[in-house]
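Read the structure below first, then the notes.
Chain A is the first sequence line, chain B the second, and so forth, proteins listed ahead of strands; every chain is numbered from 1. Side chains are part of it too, since the values below use all heavy atoms of this structure and drop only hydrogens, waters and symmetry mates.
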Amino acid sequence: MSNVAMELVNVKKSIGKKEIIKGLSFSIQKGEVFGFIGPNGAGKTTTIRMMVGLMKLTDGDVKILGNSIKSNYKEAVREVGAIVENPEMYPFMSGWQNLMHYSRMIPGISKGRVKEVISLVGLEKVIKEKVGRYSLGMRQRLGIAQALLHNPSILILDEPTNGLDPAGIREIREYIRKIAKEQQVAVIISSHLLAEIEQVCDRIGIIKNGEMISIQSVKDQEELEQESLSQVQLEVTPINHAMNLLKEKYEIDAEVNDQSISFEYNKADIPKLIQFLVSEEIDIYQVEISKVTLEDKFFDLIGENVIG
Amino acid sequence: MVKFIKLLINEQLKIYIRKSTWAMYIILAILIIGFAALTNTFEDTNKYTEDNWRQELQNENEALLNENKEFQEDTGAEDDDFYISFNMDTIEKNNYYLENDIQPLQYGAWQFTMDNRGLLSVVSLLTIIIAAGIVASEYRWGTIKLLLIRPISRNLVLLSKYISVLLFAFFTLVFVFLFSLIVGTVFFGFEGIDPHFVTEKNEGFAYISVISEIFSGYGYSLVNLVMMATFAFMISSVFRNSTLAIGIAIFLMMAGNSIVSFFGDREWAKYILFANTDLKQYADGNTPWIEGMTMGFSITVLLVYYIIFMALTWVFFTKRDVAGQ
Ligand SMILES: Nc1ncnc2c1ncn2[C@@H]1O[C@H](COP(=O)(O)OP(=O)(O)OP(=O)(O)O)[C@@H](O)[C@H]1O
Ligand SMILES: [Mg+2]
């Protein structure tokens, strides 16, 4: 069996004359957490609506465990749990009644399973209360519970962190990790805030104006610390001599601003570099190291945050 | 099938769990009790006893004749003729009882239930409200998205909603029927298992079963109810707006007869939906509203309308993207 959970093949969507999605192709593996990032109006929600069959595809196809959403809708959507935009529920029913309502729509969901997902998202205390009285965070959790009810192979969450407090965001990240690792569920999370989901994603796709402009994998934290380039800022005198030394020995083209020089360098190798400068009798007043984050790359890629 | 029944349970639950639905039943109950109280206060429902009913009927006839004489003498009011013929009808009916030696039926639960068939227009109204909301509200709440991403075809989801509307109408009808019987029994007593009464039919007066009158009366009203509910259901899924659906459907229901009489002299008037919803016009020697119309014609027209309503509903609900409003 192939390891691909979901595959998009040249997916296009036009509404009226406007082409909103301009040919997306990518696939998501089982057990992978895929971040779907883009500014407002980039087409994240539209793509997700097509993935779950709420919108027709103008062109292309979405395959879920090999089943086409177009020709094999029921088999395909059986494997999907989703929140699309806000997690709206029936406000006049309790959380429990809402979940039971959805559980009746898919064969084979026991009451035990309903209780299981309730405790997974930590809603036991308020589950008998009317959803109309829930806070946004509670509704978000109920939305996730609803999406998990039928043990889907693919979980699609459109802005799941919307309205959650930091603790809530962390919790959600944790069980997204957990179900991806333990149950080999493929998870797609959309967000316009990279920082919120960066840590939980294995790969990140950046979408802008209906086009995927970059897909890159996120290395885990330790690797990042070791490998990735850091922005180094040194306050030194004499500046010119230091610059020459760096150029000769390490081939670094540093930039000068005021009393300091800055350049990118591997974090792990920085102590050696400092030792070298000291041994060459350069006075060092301050060393400042900051990470080059994906966030920076993100903004490099999408330019300024323009809608449309 | 099990799947479909579960969908029906869901839809029924969403209807009956809401307080607004209960308010509808409370209003119906109040109306029924109110009618009973009014009837009890203003009408002598116990006047024909075993011993005196013949005397009573004769007295009534005399009084009516006198009344008619007065009408004829002072020829002022325009509607005198109407009252006169109405009184003559009553006299004839009374004579029918006397000639055939039938004791008039005491007023009771069955006749009260029969008289309440007017409440079916209230049932139609409530059904329209439910039909108008059942699709549009899912869009308004945003729950349509979660409803349609299940391994169930949109056809089945829509069918479950339509059947749920009809079930609501049926349950409400049964409620009106049973509650009228109960309230009628409490206020007026119970006439027995199969009471008969005299009423005017095709071939003059006839002595017929109250229960069969109830069923035919309720039955004829059902045609209009189903058509208007289907209409509201259509507007609801085409425009995804329940207020609009309620507004148009109730307006048409109220104005239906006026529309027909306004265009009555046109060639195409008989194709107007409302010229055909009252099938009672063909029964009991009534004359149809527009010449040349027959029961078969009306049923055909109704079917054509029904199919158009359904087709529009289905196309719009199953083919359209579910996007933001
Ligand atoms: N029903 C519609 N008709 C016309 N255009 C639409 C429709 N729905 C969305 N769009 C357009 O499609 C584009 C993508 O919208 P979409 O909701 O997918 O963006 P998004 O990436 O989810 O943004 P956000 O971060 O704000 O949620 C927008 O430019 C929007 O104007
Ligand atoms: Mg969105």
Go through the side-chain N and O atoms of B:E138 and B:T143 and say whether any donor and acceptor fall under 3.5 Å apart. yes
Side chain, backbone, both or neither of A:P91 within contact of chain B (heavy atoms, under 4.5 Å): side chain
Would you say the side-chain atoms of A:S68 and A:Y73 include a donor-acceptor pair closer than 3.5 Å? no
Within the 3.5 Å criterion, strictly below it, is a donor on B:T230 or B:Y162 matched to an acceptor on the partner's side chain? yes
Checking B:L146 against chain A: side chain, backbone, both or neither under 4.5 Å from a heavy atom? both
With a 3.5 Å cut-off and no angle check, do the side chains of A:N86 and A:R139 form a donor-acceptor pair? no
Report the option among B:L13, B:I17, B:L148 that has the most heavy-atom pairs separated by less than 4.5 Å from atoms of chain A. B:I17
Taking side chain as everything from C-beta outward and backbone as N, CA, C, O, which of these in A:N98 sits under 4.5 Å from a heavy atom of chain B? Side chain, backbone, both or neither. neither
How about A:N10 and A:S25: does a side-chain donor come under 3.5 Å of a side-chain acceptor? no
I'd like to verify something: which residue of A:H101, A:M50, A:M89 has the highest number of heavy-atom pairs under 4.5 Å with chain B? A:H101
So what's closer than 4.5 Å to chain B heavy atoms on A:E79: side chain, backbone, both or neither? neither
Is any side-chain N of the basic residue among A:K22 and A:D59 closer than 4.0 Å to the acidic one's carboxylate O? no
If we ignore angles and hydrogens, is there a donor and acceptor under 3.5 Å between the side chains of B:Y305 and B:Y271? no
Please rank B:K3, B:K19, B:K6, B:K145 by heavy-atom pairs under 4.5 Å with chain A and give me the top one. B:K145
Under a 4.5 Å heavy-atom cut-off, does chain A meet the side chain of B:S153, its backbone, both or neither? both
Chain A contact via B:L147 - which portion, at a heavy-atom distance below 4.5 Å: both
